Amino acid sequence: MKHAPLLSEQSDDIQGMLKSGFGWLKSSRFWLLTIREGRVDQARAWLAKLVDSGLVVSAKRVGTGRKKPEESISEAVAVAFSFSGLKKLGCTEAETHPFPTAFSSGMGSALRKELLRDAGRDQWRWSDVEDPDGRQTVHILVAQWWVLDKKSRMEDPDPDAFIVRTVENNPCSFKKEEDGKLREPFGFRDGLAQPVIRGLREEGGAALKQAKRDAGDLYEDRVVEPGEFILGYRNEYDELTYCPNVKEWPQSSARFTLNGSYLAVRQIAQDVDAFERFKAANGRAICEKMMGRRMDGMPLGWQGPLGSDSAADAFRYRVQDANGFVLPPGCSCPPVQSARFPWHRCAIEHQIIQAAQVAPPWTALS
C-alpha cells in the first residue's frame with residue numbers, strides 16, 4: 001500500500017465502536033467463543049447470519065441520517081478475532097505481510113508473562129492462545145449493547161459450534177449523578193479524555209465550536225490521525241499504519257486488515273468496599289493522586305471552579321505528563337497511569353482494581 005484510502009469513503013467498512021461508545025445503550029454482554037473441533041463451517045454460518053442481521057453497526061451508520069444515533073440505533077454488535085481464531089477459521093498470514101508478534105504470540109504466551117511480570121495467572125479462566133493449564137482458548141469476541149430493559153434481538157451463538165462463555169455487564173455499576181455526569185464504581189467521573197479521530201470522530205456544529213472555545217489552543221492536542229487507531233491510514237508520524245494480510249485474501253484487493261483495528265480486552269473486578277476503606281483511612285486526596293484525576297474529573301493541577309469536559313482535557317500530555325510529569329508539586333500524573341492509557345492521558349476508566357484477569361490484544365476486523 002502506497003496511499004491511504006479516503007476515510008470518508010470507507011466508513012461503511014469500519015466498525016461503529018471506533019466512532020461511538022454507544023453510551024445510550026446501557027445493557028451489554030460480551031460473548032467469548034471457542035470454535036469446537038470439526039465445527040468451523042457451522043461457526044462461519046453463524047457469523048454470516050450475524051452480519052446479515054444488520055446488528056454489526058458500521059461507523060457510517062453511526063454518523064449518517066438526520067436522527068441522532070440514539071434515536072436510530074437500539075442495539076449494536078462488534079466482532080473481534082484473536083490470532084488463534086483467525087487460524088481456526090482457515091486464515092494463513094502472508095509471508096510478505098505477517099501479523100505483529102505482539103498479536104500473533106498472544107497475551108497468554110509464556111514470553112509475554114515474563115515481559116509483563118504477569119503474576120496471578122492462576123485466576124485466569126480464558127486466554128487467547130492454547131493454554132497448557134487447560135484454560136479456554138477464545139477465538140472470537142462478540143461485544144453486544146442494547147437499550148436497557150429491552151429484549152436483545154441478537155441470536156445466541158450456536159452451542160453446537162462454539163464453547164460459549166459470557167461476561168455480563170451490571171448496568172447499575174456506572175451511575176449518573178444529579179449533575180447528569182457518569183461515574184464509575186469508585187465514584188470518579190468517567191467518559192473523559194476521549195481522543196478525537198480526525199475525519200471520523202470529530203464533533204460538529206455547535207458542539208465543536210463550544211469544545212474549541214473551552215479548550216482554546218489545546219483543542220488540537222485531542223485530535224489524532226486515523227492511523228493511530230485504524231489500519232491503513234496515516235498516523236502521527238505521517239506514516240501509513242502497517243496492514244497485515246492473509247494468503248486466502250484476493251491479492252488484487254486491499255489487504256485483509258484494511259479498516260480494522262486492534263482491541264485490547266481486559267476482564268477486571270473493582271473491589272468497591274476495599275476502595276472505600278482505603279479512602280476513609282488515607283483521604284480523598286491520596287486516592288485522586290493514585291488515579292491521576294480528581295473525583296470530579298478535573299486534572300489534579302486544576303485551579304478555580306469546575307470547567308467543562310473539553311476544558312478538563314485541555315492540558316498537554318507531551319509537556320505536562322510525558323517526560324517527567326511536569327505539573328505543580330504533588331500534582332503529577334502517576335507514571336503507571338500514563339503508561340497504561342497513553343492516548344487517554346489521565347483517563348479514569350480502570351483505576352485501582354482487584355485483578356481478576358488480564359486478557360489479550362485482539363484485532364477487530366470489519
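On a predicted model such as this, the values are computed, not experimentally measured, just so you know. Computation of the quantities below employed the complete heavy-atom set of this structure, encompassing side-chain atoms and omitting hydrogens, waters and symmetry-equivalent molecules.
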Any Val265 side-chain heavy atom under 4.5 Å of Leu263 side chain: yes
Side chain to side chain contact (heavy atoms under 4.5 Å, CB included) partners for Val129, two or more places apart: Ser127
For the student: nearest non-hydrogen atoms of Glu95 and Pro98, plus distance: O-CD, 3.6 Å
Residues which pass salt bridge (Lys or Arg N to Asp or Glu O under 4.0 Å) with Lys87, listed by chain and number, not counting sequence neighbours: none
Hydrophobic cluster membership, Phe188 vs Val272, 4.5 Å side-chain cutoff: yes
Counterpart residues, side chain to side chain donor-acceptor pair (under 3.5 Å), relative to Lys88 (two or more places apart): Glu37
Ser11 and Ser58, any side-chain heavy atoms less than 4.5 Å apart: no
Cluster check Tyr242, Leu258: I/L/V/M/F/W/Y, side chain < 4.5 angstrom: no
Distance, nearest 0.5 Å, that separates CG of Leu25 from NZ of Lys150: 12.5 Å
Ring geometry between Trp24 and Phe22 (parallel below 30°, tilted from 30 to 60°, perpendicular above 60°): perpendicular
Inter-residue atom distance Leu50.CG - Glu155.CD, 0.5 Å rounding: 9.0 Å
Atom pair NZ (Lys60) and OG (Ser8), whose distance is rounded to the nearest 0.5 Å: 10.0 Å
Donor-acceptor pair between Glu228 and Asn235 side chains, under 3.5 angstrom: no
All side chain to side chain contact (heavy atoms under 4.5 Å, CB included) counterparts of Glu225, not counting sequence neighbours: Arg198, Glu236
For Glu248, salt bridge (Lys or Arg N to Asp or Glu O under 4.0 Å) partners two or more places apart: none
Distance-only donor-acceptor pairs under 3.5 Å for side chains of residues 39-46, two or more places apart:
{"residue": "Arg39", "atom": "NE", "partner": "Gln42", "partner atom": "OE1", "Å": "3.1"}
{"residue": "Arg39", "atom": "NE", "partner": "Asp160", "partner atom": "O", "Å": "3.3"}
{"residue": "Gln42", "atom": "NE2", "partner": "Asp158", "partner atom": "OD2", "Å": "3.4"}
{"residue": "Arg44", "atom": "NH2", "partner": "Leu89", "partner atom": "O", "Å": "2.3"}
{"residue": "Trp46", "atom": "NE1", "partner": "Asp156", "partner atom": "O", "Å": "3.2"}

Parallel, tilted or perpendicular: rings of Phe275 and Phe186 (30°, 60°): parallel
Gln136 vs Ile163 side-chain heavy atoms within contact, under 4.5 Å: yes
Closest approach of Gly232 to Pro5 (non-hydrogen atoms, all atoms of both residues): O-CD, 3.7 Å
Minimum heavy-atom distance between Gly54 and Arg61, given as atom pair plus value: O-NH1, 2.9 Å
Which atom of Gly106 lies closest to which atom of Asp128, heavy atoms considered: CA-OD2, 3.0 Å
Side chain to side chain donor-acceptor pair (under 3.5 Å) partners of Arg36, counting only residues at least two apart: none
Nearest-0.5 Å distance, CH2 of residue Trp249 to OG1 of residue Thr92: 14.0 Å
Partners passing side chain to side chain donor-acceptor pair (under 3.5 Å) against Asp296 (at least two apart in sequence or in another chain): Arg294
Pairwise side-chain contact, Leu32 with Val164, heavy-atom cut-off 4.5 Å (strictly under): no
Minimal non-hydrogen separation, Val246 against Cys91, with atom names: CG1-CB, 4.0 Å
side-chain contact (heavy atoms from CB on, under 4.5 Å) evaluation trace for Val138 with Leu33: CA-CA 6 Å; Val138 177; Leu33 308 179; 5.7 Å; no
pair Ser27-Val147: side-chain heavy atoms closer than 4.5 Å: no
Set of side chain to side chain donor-acceptor pair (under 3.5 Å) partners for Arg284, sequence neighbours left out: Glu288
Partners meeting side chain to side chain contact (heavy atoms under 4.5 Å, CB included) with Asp238 (sequence neighbours left out): Arg234
For Arg165, salt bridge (Lys or Arg N to Asp or Glu O under 4.0 Å) partners two or more places apart: none
Identified side chain to side chain contact (heavy atoms under 4.5 Å, CB included) counterpart of Asn259 within the set Ile14, Asp12, Leu231: Ile14
Pairwise side-chain contact, Pro226 with Leu200, heavy-atom cut-off 4.5 Å (strictly under): no
Contact check, side chains of Phe256 and His97, non-hydrogen atoms, under 4.5 Å: no
Met17 with Phe30, same ILVMFWY side-chain cluster at under 4.5 Å: yes
Qualifying residue, where the test is ring-ring contact (aromatic ring centres under 6.0 Å, His included) with Tyr262 and the options are Phe103, Phe99, Phe83, Phe229: Phe103
Distance, nearest 0.5 Å, that separates OG1 of Thr34 from CZ of Arg135: 14.0 Å
Candidate pair Arg153 and Leu55, rule side-chain contact (heavy atoms from CB on, under 4.5 Å), full reasoning: CA-CA 8 Å; Arg153 303 195 310 275; Leu55 294 175; 3.1 Å; yes
Note, Val224 side chain near Val196 side chain (heavy atom, < 4.5 Å): no
Point-to-point distance, once rounded to the nearest 0.5 Å, from CG of Leu7 to CG of Asp13: 11.0 Å
Candidate pair Trp31 and Val77, rule side-chain contact (heavy atoms from CB on, under 4.5 Å), full reasoning: CA-CA 11 Å; Trp31 301 85; Val77 167; over 6 Å; no
All side chain to side chain contact (heavy atoms under 4.5 Å, CB included) counterparts of Ser152, not counting sequence neighbours: Glu75, Gln144, Trp146, Met154
side-chain contact (heavy atoms from CB on, under 4.5 Å) between Leu47 and Ile140, intermediate numbers included: CA-CA 10 Å; Leu47 287 167; Ile140 304 168; 3.8 Å; yes
